[in-house]
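These notes concern the structure reproduced below.
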Amino acid sequence: MKKLDNFIEKEVARIRERVGSDRVLLALSGGVDSSVCAALISKAVPNQLTCVFVDHGFMRKNEGDEIEKFFSKRKLQLIRVNAQDRFLGRLKGITDPEQKRKIIGKEFIRVFEEEAAKLGNIPVLAQGTIYPDIAESGGEAGATIKSHHNVGGLPKKLAFSQLLEPLCSLYKDEVRVIGQKLGLPKALVERQPFPGPGLAVRVIGELTKEKLEILRQADAVVREEIGKLKERPNQYFAILTNTLSTGIKEKTRAYNPVIAVRAVITSDFMTCEYAALPHKVLAKISARITGEVAGVSRVVYDITKKPPATVEWE
Ligand code: XMP
């Protein structure tokens with residue numbers, strides 16, 4: 001990809017020029033974009049970078065601990081902030097997905113500002129924003145599809161004087177190429193994307209700890225079963241819908257939320273095909289979720305392309 005020739009050298013020089021001797025706080029989620037961003041900035045200004053990972057309580061099963069373990073082993077200064085109750089509290093009673101994203105985006109920034117204040121003077125906030133985040137949030141005069149937490153969800157007033165987003169001209173597949181060039185491990189570079197607001201936008205409607213736990217368990221089954229395939233879709237996960245349906249559990253009537261499964265094939269996530277998963281795999285996922293996850297008695301598979309549907313349900 002021609003656009004990527006010398007991208008690293010050019011960006012490293014640009015970051016050094018923009019940042020000077022200032023310190024930088026990077027919002028690290030453990031996903032591909034922010035991890036590549038961390039590697040790039042640490043190449044440019046290694047001793048000026050502090051990464052902050054905010055565990056908002058909407059991570060997948062075991063994910064918070066895995067991220068902390070992975071990055072603690074690398075030569076990065078990492079701070080983990082456990083803010084589960086704080087985020088859930090702010091989202092109490094909120095059902096609208098755009099509002100959820102905006103509240104989460106704002107709360108993220110408030111946590112980063114507080115951490116920056118604790119650490120002394122850090123004027124630069126870095127984010128792993130990529131081009132589709134901006135385009136879909138209504139940037140460049142486009143229509144707002146969804147306000148990605150790191151763009152449309154950013155509050156107007158920031159305590160930081162500079163926002164550094166070195167990947168903002170790239171698509172996801174290009175970010176992966178840059179990650180490879182920077183020598184990041186394959187498992188990290190090839191990670192499927194996970195939205196910043198996490199499971200908060202995969203529990204349809206109001207969030208509760210109980211709903212998040214049901215989704216976490218169902219999602220772990222989906223990832224485990226699809227993860228066994230040789231050829232895997234580019235993104236696959238579970239959604240806890242807000243539709244209740246009748247079922248039979250232990251010979252009695254059950255009236256439980258429906259779990260949806262989504263798996264898509266794409267390179268840039270701007271358009272997608274649904275993955276034609278083998279029926280055997282779908283049947284196993286369904287049997288395991290209804291058997292292992294209390295409070296679920298129906299599983300459906302999403303067979304919609306993007307467009308018209310987006311990848312995430314909210
Ligand atoms: P959609 O749902 O817009 O998703 O078709 C396209 C890709 O973006 C991810 N996504 C998000 N990522 N913050 C993020 O960082 C968000 O608010 C957000 N919403 C969607 C989604 O998982 C998919 O990979």
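Here the structure is a predicted model, which is why all the values come from computation and not from measurement. Positions are given from 1, in the same order as the sequence printed here. Just follow the structure's listing: the first ligand is 1, and inside any ligand the first atom is 1.
- What sits closest to atom 17 (O) of ligand 1 on the protein, heavy atoms only, is Arg101 NE, 2.7 Å.
- A salt bridge is defined here as a Lys NZ or Arg NE, NH1 or NH2 lying under 4.0 Å from an Asp or Glu carboxylate O, and Lys69 with Glu66 fails to meet this definition.
- Closest to atom 13 (N) of ligand 1, if we only count protein heavy atoms, is His149 ND1, 3.1 Å.
- The single protein non-hydrogen atom nearest to atom 3 (O) of ligand 1 is Glu136 OE1, 2.6 Å, given as residue, atom name and distance.
- Atom NZ of Lys249 sits in a crowded spot, with more than 12 heavy atoms from other residues, nucleotides or ligands closer than 6.0 Å.
- The shortest non-hydrogen separation linking Glu314 to Thr95 is OE2-O, 4.0 Å.
- The closest side-chain heavy-atom distance from Glu292 to Gln217 is not below 4.5 Å.
- Contacts between Lys306 and ligand 1 below 4.0 angstrom, taking non-hydrogen atoms only, involve the side chain exclusively.
- Note: no N/O pair closer than 3.5 Å links Asp133 and ligand 1 by distance alone.
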- request: Could you give me the CA-CA distance, side-chain angles and deciding distance for Gln192 and Gln235, then say whether side-chain hydrogen bond (donor to acceptor under 3.5 Å, both in side chains) is met?
  value: CA-CA 5 Å; Gln192 49 171 320; Gln235 193 174 7; 5.0 Å; no
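- Here the heavy atom of the protein found nearest to atom 15 (O) of ligand 1 is Gly196 N, 3.1 Å.
- The residue among Lys102, Gln192, Gln235 with a heavy atom at the shortest distance from atom 24 (O) of ligand 1 is Gln235.
- Of the protein's non-hydrogen atoms, Glu312 OE2, 3.4 Å is the one closest to atom 21 (C) of ligand 1.
- Under 4.0 Å is where a charged nitrogen must lie from a carboxylate oxygen, and between Asp85 and Lys209 at least one such pair does.
- For Asn234 (side chain) and Thr266 (main-chain N/O), a donor-acceptor pair under 3.5 Å exists by modelled atom type.
- Taking atom 12 (N) of ligand 1 as the reference point, the nearest protein heavy-atom neighbour is Pro195 CA, 3.4 Å.
- Atoms of ligand 1 lying under 4.0 Å from at least one heavy atom of Pro193, given by number and element, are 24 (O).
- Annotation: atom 7 (C) of ligand 1 to nearest protein heavy atom, Phe269 CB, 4.1 Å.
- Judged by distance alone, with hydrogens and angles left aside, the side-chain atoms of Lys100 form a donor-acceptor pair with the main-chain N or O of Ala200 at under 3.5 Å.
- Between Val311 and ligand 1, a contact under 3.5 Å exists for at least one N or O pair.
- The nearest protein atom to atom 9 (C) of ligand 1, hydrogens excluded, is given as His148 CE1, 4.3 Å; this is a heavy-atom distance.
- Using a cut-off of 4.0 Å between Lys/Arg side-chain N and Asp/Glu carboxylate O, Glu11 and Lys181 are scored as not salt-bridged.
- For a threshold of 3.5 Å applied to N or O pairs, the pair formed by Arg202 and ligand 1 contains no separation below that value.
- Close approach to Pro197 involves these atoms of ligand 1, each under 4.0 Å from a residue heavy atom: 13 (N), 16 (C), 17 (O).
- Relative orientation of the Phe58 and His56 rings is tilted, given thresholds of 30° and 60° on the angle between their planes.
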